[in-house]
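Here's the structure, in structure tokens; my notes come after.
The first residue in the sequence is number 1, and the count goes up from there.
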Amino acid sequence: MRNYLTCDCCNTNVTASSSMGRNGLHHYCHCKHGTRIKRAKVHGMFSQLLDELTINNNVKNLYREILSDAALKEKQDQLNRLRAVGREIRSTQEQIDNMDDKLANNDVGVDTFNRVIGKLETRLSDLKAEKEELEKTSTPIASYIESGLGLLSNLSSIYENSGYDNKRALIGSIFPEKIRLSKSKCRTTELNQVVELLCRNNGEFGGNKKGTNSENSDLSPSVLESGISYGESRTSLSKKKPIHSVSCFLFLFI
């Protein structure tokens, strides 16, 4: 957790050290101004923070359906755009051919021909580039959805069983700012917006049982425009942003 902790009292970075005692080597986390906490306790408090971010099965299943529907819609939108681009390419090529015929028949002057052809060829080049981009192999969204929801439903366990690099990547993707450490708990003032949204609906982090923020929440008081309230139907949820945008969910893995 090095470089990810800051002292809640003095706002300085928390570092690690060890000292020899009667019963062997003791490991601590401490700031520059004397606050010192046993490393094992810090790890325990951080695990508790991760547990608070874990989503339950009901939320997991709900978002699996919503995100899967959104993925299908985005795929269909992509196919529709690909067909439209194909039609525009054929139409633009026909216009170029027509201009060639008009020039050959002296129906247009050279200056007019060059001006029009220049615009058409630029348009054709742009359309072909867009078509090539649309035809590229798409991201396996379904697997990302499943792995992402699996991560958020087993966050603490996955963190504990991950290697050093994966632990740092996990912390960095979930917590945009440093985690604040006091003698009683770890807390954060900001979360990855997708994680925050899922956990607000989960009702277990920074909120009361009705899904609204408590006055003593450790989260930032700002509410996401796309925040979800309990009692909303699956249809109304699927229309909200960023829920309807799979790319927002995939932001967890960038």
Side-chain angles (χ1 to χ4, degrees), residues 1-56 59 148-224 227 248 251-254:
M1 295 180 64
R2 183 178 300 174
N3 299 325
Y4 288 104
L5 293 174
T6 185
C7 179
D8 202 26
C9 297
C10 63
N11 293 320
T12 60
N13 291 335
V14 173
T15 59
S17 64
S18 301
S19 62
M20 182 64 68
R22 289 183 299 176
N23 298 320
L25 196 62
H26 298 277
H27 304 283
Y28 295 93
C29 293
H30 61 87
C31 69
K32 296 180 179 180
H33 295 86
T35 300
R36 190 171 71 160
I37 308 171
K38 288 185 177 181
R39 189 175 66 182
K41 182 179 179 180
V42 173
H43 286 178
M45 291 190 295
F46 182 68
S47 293
Q48 183 179 357
L49 175 62
L50 294 180
D51 286 337
E52 292 173 352
L53 297 176
T54 300
I55 62 174
N56 61 44
V59 172
L149 292 174
L151 169 68
L152 292 176
S153 61
N154 298 281
L155 196 52
S156 180
S157 175
I158 291 175
Y159 176 82
E160 290 297 331
N161 291 289
S162 296
Y164 175 77
D165 290 337
N166 287 338
K167 283 182 176 179
R168 293 179 64 84
L170 186 60
I171 294 174
S173 66
I174 294 176
F175 303 105
E177 296 185 353
K178 290 189 176 182
I179 301 162
R180 302 187 70 83
L181 175 66
S182 69
K183 290 187 176 182
S184 60
K185 64 178 178 179
C186 289
R187 69 183 185 92
T188 180
T189 57
E190 185 177 350
L191 284 173
N192 174 296
Q193 288 192 352
V194 179
V195 176
E196 181 178 6
L197 181 59
L198 288 166
C199 293
R200 284 176 187 269
N201 197 41
N202 195 43
E204 294 182 1
F205 188 78
N208 58 29
K209 292 183 179 180
K210 293 183 180 179
T212 57
N213 290 336
S214 68
E215 293 181 357
N216 296 322
S217 171
D218 286 334
L219 284 173
S220 170
S222 62
V223 179
L224 293 176
C248 183
F251 176 71
L252 281 169
F253 307 95
I254 296 176

**Asked** Looking only at heavy atoms, what is the nearest atom pair of L5 and K178, with distance?
**Response** O-CD, 4.3 Å
**Asked** Counting distance only, does the side-chain N/O of Y4 pair as donor-acceptor with the main-chain N or O of I179 below 3.5 Å?
**Response** no
**Prompt:** Just wondering, do E177 and T6 contact through their side chains at under 4.5 Å, heavy atoms?
**Reply:** no
**Prompt:** Would you call T15 and H30 a side-chain contact if the rule is heavy atoms closer than 4.5 Å?
**Reply:** yes
**Fill in**
Exactly one of Y164, F46, F175 clears ring pair (Phe, Tyr, Trp, His ring centres under 6.0 Å) with Y159, and that residue is F46
**Message:** How long is the straight-line distance from CD1 of I55 back to CG of N154, given to the nearest 0.5 Å?
**Reply:** 9.0 Å
**Item:** Closest non-hydrogen atom pair, K32 against T12
**Value:** N-OG1, 3.8 Å
**Fill in**
When every non-hydrogen atom of S162 is compared with those of K167, the smallest separation belongs to O-CE, 3.2 Å
**Asked** Which atoms form the tightest heavy-atom contact between L151 and I158, and what is the distance?
**Response** CA-CD1, 3.6 Å
**Polar side-chain atom of K41 near backbone of K183 as donor-acceptor pair, under 3.5 Å** = yes
**Asked** Got more than 12 heavy atoms from elsewhere within 6.0 Å of CD, Q48?
**Response** no
**Minimal non-hydrogen separation, S153 against T54, with atom names** = O-CG2, 3.2 Å
**Message:** Between L155 and I174, is there a side-chain heavy-atom distance shorter than 4.5 Å?
**Reply:** yes
**Prompt:** Taking all non-hydrogen atoms of both residues, which atom of H33 and which atom of C10 are closest, and how far apart?
**Reply:** ND1-SG, 3.5 Å
